[in-house]
Amino acid sequence: MGASEYGPYGDHLLGYWKESLERPERVLFLKYEDLKGDLSSHLKRLADFLGHPFSVEEEREGVVEKIAKLCSFESLSSLEVNKTGRMN
C-alpha cells in the first residue's frame with residue numbers, strides 16, 4: 001500500500017477502523033465493497049449515524065432507493081459538470 005504524509009496508508013486506515021470499533025457512535029467506517037454490495041442498507045446506516053434516519057414514509061416511498069440511484073456511477077457520470085468540467 002502507498003504512503004500518505006502521515007505515514008503508511010494502511011496504518012492510517014487501520015487507525016480509523018480501530019476507532020470505529022471502540023467508538024461506533026463517533027466514527028462510521030464504510031468499505032467500498034460493502035457499499036457496492038448493499039448500498040440501500042448502508043445509506044440507512046449513514047442516515048442513522050448522522051442522526052437523521054429515514055422515516056417509515058420515506059422508506060415506503062422509495063426515497064432510499066432514489067438516493068442510491070442518484071449516487072450511482074451511471075447517474076453521476078451523466079452530469080454535465082462531469083462531462084465537460086463546467087457548471088452551467
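Linking ILVMFWY side-chain heavy atoms closer than 4.5 Å, directly or via other members, places Y16 and L28 in two distinct hydrophobic clusters.
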Report task. Given side chain to side chain contact (heavy atoms under 4.5 Å, CB included), test V64 with S40 step by step and report yes or no. Result -> CA-CA 6 Å; V64 177; S40 293; 3.8 Å; yes
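With values rounded to the nearest 0.5 angstrom, K31 atom NZ is found 11.5 Å from L13 atom CG. Note that CG of L70 is 8.0 Å distant from CG of L76, once rounded to the nearest 0.5 Å. Here the straight-line distance linking atom NZ of K83 with atom CZ of R86 works out to 12.5 Å at 0.5 Å rounding.
Cluster partners of V27, using a side-chain heavy-atom cutoff of under 4.5 Å among ILVMFWY residues and allowing indirect links: none.
A search for side-chain contact (heavy atoms from CB on, under 4.5 Å) contacts involving V81 returns L79, M87, not counting sequence neighbours. Every side-chain contact (heavy atoms from CB on, under 4.5 Å) that L21 has, sequence neighbours left out, goes to W17. With sequence neighbours left out, K66 forms a side-chain contact (heavy atoms from CB on, under 4.5 Å) with no residue at all. Under the rule for a side-chain contact (heavy atoms from CB on, under 4.5 Å), the partners of I67 that lie at least two apart in sequence or sit in another chain are L43, F54, V63, C71. Partners of S41 according to the side-chain hydrogen bond (donor to acceptor under 3.5 Å, both in side chains) rule, which considers only residues two or more places apart in sequence or in another chain, are D38. A search for side-chain hydrogen bond (donor to acceptor under 3.5 Å, both in side chains) contacts involving E19 returns R23, not counting sequence neighbours. Remark: R26 pairs with no residue by the side-chain hydrogen bond (donor to acceptor under 3.5 Å, both in side chains) rule, at least two apart or across chains. F49 is linked by a ring-ring contact (aromatic ring centres under 6.0 Å, His included) to nothing, counting only residues two or more places apart in sequence or in another chain. With sequence neighbours excluded, no residue satisfies side-chain hydrogen bond (donor to acceptor under 3.5 Å, both in side chains) with D34.
Residue pairs meeting the salt bridge (charged side-chain N to carboxylate O under 4.0 Å, His left out) criterion with at least one partner in residues 43-57, sequence neighbours excluded, are K44-E59.
S78 places a side-chain N or O within 3.5 Å of a backbone atom of S75 that can act as its donor or acceptor partner.
More than 12 heavy atoms of other shown residues, nucleotides or ligands fall within 6.0 angstrom of atom CZ in F29.
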